[in-house]
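Below: the structure, in structure tokens.
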Amino acid sequence: MIPLTLAEVAAVVSGEVAGEGARVAITGPVVIDGREAAPGSLFVAFVGEQSDGHDHADQAAEQGAVAVLGSRPTALPTVVVDDPRRALQQLAAYVVAQVRRVGDLSVVGITGSQGKTSTKDLLGAVLGHAGPTVVTRGSFNNELGMPLTALGVESDTRFLVLELGARGRGHIAELARLVPPDVGVVLNVGQAHVGEFGSQDAIAVAKGELVEGLAEDGTAVLNADDARVAAMAARATGRVVTFGRDQPADVRVEELRLDRLGRPSFVLATAQDRVPVSLQLVGAHQALNAAAAAAAALVLGMSPAQVGEALSGVTTLSQWRMELRELPSGVTVLNDSYNANPDSMRAALDALAAIGADPAVRRTVAVLGEMRELGGTSEDEHAGIGAYAVGLGVDRLLVVGEPARGIERGAEGCGTTETTFVADNAAAVDWLREHVGPGDAVLLKASRGARLDEVAATIQ
């Protein structure tokens, strides 16, 4: 964050400094977890149902925090406000506005039902070749995570890449008002959170708030292959750039092919150039995420050649997203356990099937758990995934947990896939130890609450 005194922070958020620390300088990161504080940090304290952050001010101080932003005084100099969350957001808006005023900062917002984090990671890596870049950590994309990311900008930051999530209408609009993006990327409108929104059309309304919330003269980057996203062009007041697999998208994925580990290579086609890209990430769907990132980077002034080279150099994404490990035992593990919805589940199964096409792979094993927040469609969607896995020819299907039982039902009677149901992760670990061996390729995929990452960590 740009250096500010505690008195300046108080003025920005309309708070009062408790204690003798008005001249204390905030020179480190702003944090909401005392364990993550560093020298010069500002610790933001919240009162929750289970704990009171103010009680952890000492812990933050031990890590180097020099002040607190909270709703009551602490042992550290404290800016006292009525609503710490709102104060955090106000501070983020102020800091970004200051850097924009004196520097050369461009802000990108990314939203969509799936692929946000992967696209954000790809774009952050690409823009990092053009200048100092701050990127959302993991999926820190809500009303707290977004301002915390924004507060990471410094005077020389060129690019701020923000992942924007939503649990309802108005959420993205609120975030965009705080830090209006210069470029807004909308990836897709899928079924993730349809249980909360009620329908895909309602999701489209919410995701389109990013297009409406762009900065003056902002550019909307839209998926031409998704009809609901393409229709958002009517909500844009500035330039629109499209990406997709087909004409007439402005930035296109052409000549797509996969290697033996399911890693896509393709031609990135634009009006200016055609450049080859070989991703080191797994899954054909990553090509479209890369096209979205490319479109945003091109809008921000990079050349197709620069973008293609940078995309080909990306080796990792955020944790537990299509993580590929080839173990000494001869087992290949594809850990995509961070989250799941029907679209991302099918994409992960497609990747497993692509890996299984390698003659060196003995069997493909899909370990699948619950997809949450699907509302009344949950049973049918889980059953559809079971049938889809069988249709792809997955050899073994392990369904974990009663909420995912519909996957087993959907797989029954559809083909030759051998399907097993287990009640919990412990049983899944036991099953894998007994049934998985050299030459097997294993996919693990479920919503975050299923914690299949813990199962993945046990595979040797």
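Note that the structure is predicted; figures quoted are calculated from it, not measured.
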Salt bridge present between R228 and D201 (N-O < 4.0 angstrom): yes

From CA spacing to verdict: side chain to side chain contact (heavy atoms under 4.5 Å, CB included), N339, W320: CA-CA 9 Å; N339 213 340; W320 306 325; over 6 Å; no

Greater than 12 external heavy atoms within 6.0 Å of R169's CZ: no

V267 vs V275, side chain to side chain contact (heavy atoms under 4.5 Å, CB included): CA-CA, chis, key distance, verdict: CA-CA 6 Å; V267 171; V275 298; over 6 Å; no

Considering all heavy atoms, the nearest T316-L281 contact: N-CD2, 4.3 Å

Heavy atoms of other groups near E16 CD, more than 12 under 6.0 Å: no

T136 vs V161 side-chain heavy atoms within contact, under 4.5 Å: no

V229 side chain near K207 side chain, heavy-atom distance below 4.5 Å: no

Sub-4.5 Å side-chain heavy-atom contact between V251 and T242: no

Residue pair E154 / M1, side-chain heavy-atom distance below 4.5 Å: no

Ion pair check, R451 and E454, cut-off under 4.0 Å: yes

Test side chain to side chain contact (heavy atoms under 4.5 Å, CB included) applied to S337 and V455, D453, L443, the passing residue: D453

Test item: T78 side-chain N/O and L76 main-chain N/O as donor-acceptor pair under 3.5 Å: yes

Heavy-atom check, side chain of N141 versus side chain of K116, under 4.5 Å: yes

Nearest-0.5 Å distance, CZ of residue F159 to CG of residue L123: 9.0 Å

Gap between atom CE of M345 and atom CD1 of I385 - 0.5 Å precision: 5.5 Å

Charged N-O contact under 4.0 Å between R137 and D121: no

Sub-4.5 Å side-chain heavy-atom contact between I203 and S113: yes

Pair Q63, S41: side-chain N/O donor-acceptor within cut-off below 3.5 Å: no

Residues D182, R100; criterion salt bridge (charged side-chain N to carboxylate O under 4.0 Å, His left out); working and verdict: CA-CA 11 Å; D182 300 290; R100 273 177 156 160; 2.9 Å; yes

Rounded distance (nearest 0.5 Å) linking atom NE2 of H285 with atom CZ of R346: 12.5 Å

Where S447 and M371 come nearest, the two heavy atoms and their spacing: OG-CA, 3.4 Å

Non-hydrogen side-chain atoms of T117 and L317 separated by less than 4.5 Å: no

Trace of the side chain to side chain contact (heavy atoms under 4.5 Å, CB included) decision for V367 with K445: CA-CA 6 Å; V367 183; K445 179 75 171 171; over 6 Å; no

Spacing of R263 atom CZ and S278 atom OG [to the nearest 0.5 Å]: 9.5 Å

Closest non-hydrogen atom pair, A92 against L151: CA-CD2, 3.6 Å

Nearest heavy-atom neighbours spanning G109 and P181: N-CB, 3.7 Å

Side chain to side chain contact (heavy atoms under 4.5 Å, CB included) partner of L122, chosen from I110, N289, L127: N289

Whether over 12 other heavy atoms sit under 6.0 Å from R23 CZ: no

Heavy-atom neighbours of E309 CD exceed 12 at 6.0 Å: no

Non-hydrogen side-chain atoms of V221 and V186 separated by less than 4.5 Å: no

Heavy-atom pair of closest approach, residues A404 and E370: CB-N, 3.6 Å

Least distance between heavy atoms, A249 atom then R252 atom: O-NH1, 2.9 Å

